[in-house]
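Working notes, beginning with the structure itself.
Sequence lines set the chain letters: A, B, ... in the order given, protein chains first and strands last, and positions in each chain run from 1. Treat the numbers as computed from the prediction; the structure is a model and nothing was measured.
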2 protein chains.
Amino acid sequence: MPQTILIVDDEKRLVSLVESYLTQEGYRVATAYNGKEALVVAQKEKPDLIILDIMMPEMNGYDFMRIHRTEHDTPIIMLTAKVEDDDKIIGLELGADDYVVKPFKPRELMARVRNVLRRAGKSEPAGKTLKVADIVLDHDSREVLVGERSVDLTPSEFDLLAAIMASPGRVFSRLDLLDVIQGVRYEGYERTIDTHIKNLRAKVEDDPRNPRHIETVYGVGYRLSKG
Amino acid sequence: MPQTILIVDDEKRLVSLVESYLTQEGYRVATAYNGKEALVVAQKEKPDLIILDIMMPEMNGYDFMRIHRTEHDTPIIMLTAKVEDDDKIIGLELGADDYVVKPFKPRELMARVRNVLRRAGKSEPAGKTLKVADIVLDHDSREVLVGERSVDLTPSEFDLLAAIMASPGRVFSRLDLLDVIQGVRYEGYERTIDTHIKNLRAKVEDDPRNPRHIETVYGVGYRLSKG
DNA sequence: GAAAATCTACATAATTTCTTCACACACCAA
DNA sequence: TTGGTGTGTGAAGAAATTATGTAGATTTTC
């Protein structure tokens, strides 16, 4: 029985991104776009963890948390819009278990999720080690093996590889991949991904000019070969 | 049969941290998040020691202790939120065997736990000796050997090393490590860890500039090499 | 209490990584 | 084949992260 995580945020794009990440890691996901809706969903789904934005229409995160906490003690990770120390302190005092400042990188949030759930004594979903063809990627140690050889990746390279390894064969657009390494934001140069892919290929492929693992899908994006 | 320790505190994050420490030291752990719940759990688990927060919703620590003590004489360590001498005195008068002021460092609490249990005539669990590559760390004597050479570590350095030796290869974030040496708190400078790591490397590594044991994982944290 | 040891914070230097850009080349459709 | 796009690549500056030395604060020791 997978653990359920409730995401509450009015930015749909952000909710989708986080949802896909959590799903990939084996969690069940519920969503809500404001505090009011969240109360209903939380009541019904009984999530093991709630990821909660503070700034929301209808009912903000603080209000939701205050009401929710009267009856439940679900761990909560707060999403704060700016780097205001006040927010952090208020949030933590209200009972949040952790907070992440927007914009955040997906891996940052995922790390907090694992942390909070571990602290709350819940077991983690299995499968922290990904294996596709002769590539092995381990999240705990952040190590990557290609065949027998250990390769040293930068944070962005690791995150990109982890993302495409989570769904071998699926084509990722450059925008998808940009979200992976820069988080959801409104600017950013798509072609930056090309460079990361180039560097990644140089480390992961035997013959970078004829990549066997990381394939280009002309006009669309990149894909990890299942073979 | 390991001894059982009951932790009672409404701060889940704190409970989890303490739990992980106690577990690592070989104790069995039970938890409760308020006095009312604690009464039930204590009845069922019959702990050898209770770690008890004073400020809690539903039923506070004093009330729990008063009721519990009518039928049991389990040793109790109190957690007091502030440095108010009144609290300490009242607590001790009510029958607490010791108290720790929040925020506390994990090793501080562990020391008290051992102390109280020893006074209560219970034997301690055997301390574990960790060995990774050519580093040997002994919990009982708090001694560390690197190859043939005995190295002298400060308390923080010892705790850090013990933490990463418990999970070789796993990457620890600076925040993880800050919990280890400063306990649960909401402020604290992550970069302080860098300094401890530097000092630790100076003592543990043959060539501190090219560390073989304590590796840096750029953008994430530190890791103990399995090799 | 005073001295010593340790911890924390911070400034600065050293590294590493990220992003952007220009240009060459590859792909596809007409 | 032949443009018009899309992609691969190398280089360089910008940005982010880590290493290190030092000083003051705190804690421990005697």
Side-chain angles (χ1 to χ4, degrees), chain A residues 83 101 103-105 107-108 142 151-161 171-175 177-183 185-205 207-223, chain B residues 83 100-101 103-108 111 142 151-161 171-175 177-183 185-205 207-211 213-223:
Chain A
V83 191
V101 176
F104 54 84
K105 302 179 182 181
R107 77 152 179 281
E108 191 184 328
R142 288 188 78 86
V151 296
D152 189 42
L153 302 183
T154 70
S156 292
E157 289 159 10
F158 183 91
D159 293 339
L160 279 183
L161 183 59
V171 182
F172 291 82
S173 72
R174 288 179 175 71
L175 224 45
L177 297 175
L178 208 51
D179 281 348
V180 169
I181 60 175
Q182 297 186 349
R185 87 265 73 112
Y186 300 112
E187 42 189 82
Y189 186 48
E190 287 189 31
R191 306 302 306 280
T192 294
I193 296 302
D194 293 31
T195 299
H196 285 301
I197 292 289
K198 176 196 59 172
N199 297 335
L200 196 45
R201 280 174 171 159
K203 295 178 180 180
V204 165
E205 302 284 356
D207 177 10
R209 304 270 171 167
N210 290 64
R212 294 191 302 114
H213 298 110
I214 304 170
E215 302 174 339
T216 300
V217 181
Y218 190 91
V220 186
Y222 298 97
R223 164 175 66 192
Chain B
V83 192
V100 178
V101 176
F104 54 84
K105 303 177 182 181
R107 73 160 170 278
E108 189 184 331
R142 290 187 77 85
V151 295
D152 187 42
L153 301 183
T154 69
S156 291
E157 288 159 10
F158 182 90
D159 292 340
L160 276 184
L161 184 59
V171 181
F172 290 82
S173 72
R174 288 177 176 72
L175 232 42
L177 298 175
L178 209 50
D179 277 352
V180 170
I181 60 176
Q182 295 187 354
R185 86 268 74 110
Y186 299 120
E187 44 189 83
Y189 189 48
E190 287 188 34
R191 290 289 159 196
T192 295
I193 295 301
D194 293 32
T195 300
H196 286 299
I197 292 288
K198 177 193 59 173
N199 297 334
L200 195 46
R201 278 175 171 161
K203 294 178 180 180
V204 165
E205 302 283 357
D207 177 8
R209 303 267 172 168
N210 290 61
H213 298 108
I214 303 171
E215 302 175 339
T216 300
V217 181
Y218 190 97
V220 186
Y222 297 97
R223 163 177 68 194

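End-to-end axis angle for the helix from C:dG1-D:dC30 to C:dA30-D:dT1, using five pairs per end and rounding to 10°, comes out at 40°.
Among the atoms of the strands shown, only primed sugar atoms or phosphate atoms (P, OP1, OP2) are found under 4.0 Å from some heavy atom of B:Tyr222. Contacts of A:Gln182 with the nucleic acid, taken as non-hydrogen atoms under 4.0 Å apart, involve only primed sugar atoms and P, OP1 or OP2. Within the 4.0 angstrom heavy-atom criterion, no nucleotide atom of any strand lies near B:Ile197. Within 4.0 Å (heavy atoms only), A:Arg209 reaches sugar-phosphate atoms of the nucleic acid but no base atom.
Out of C:dC7, D:dG8, C:dT19, the shortest distance to the side chain of B:Arg107 is found at C:dC7. Comparing C:dT20, C:dC7, D:dT7 against the side chain of A:Thr216 picks out D:dT7 as the nearest. With C:dC18, C:dA26, C:dT8 as the choices, the nucleotide that has an atom nearest any side-chain atom of A:Tyr218 turns out to be C:dA26. In the set C:dC18, D:dG10, C:dC7, the nucleotide with an atom closest to the side chain of A:Ser156 is C:dC18.
The side chain of B:Arg191 places no N or O atom within less than 4.0 Å of a non-bridging phosphate oxygen (OP1 or OP2) of C:dA11.
Heavy atoms from other residues, nucleotides or ligands lying under 6.0 Å from CG of A:Asp152 number 12 at most.
Ion pairing between a basic and an acidic side chain is recognised when a charged N comes within 4.0 Å of a carboxylate O; B:Asp194 and B:Arg174 show such pairing.
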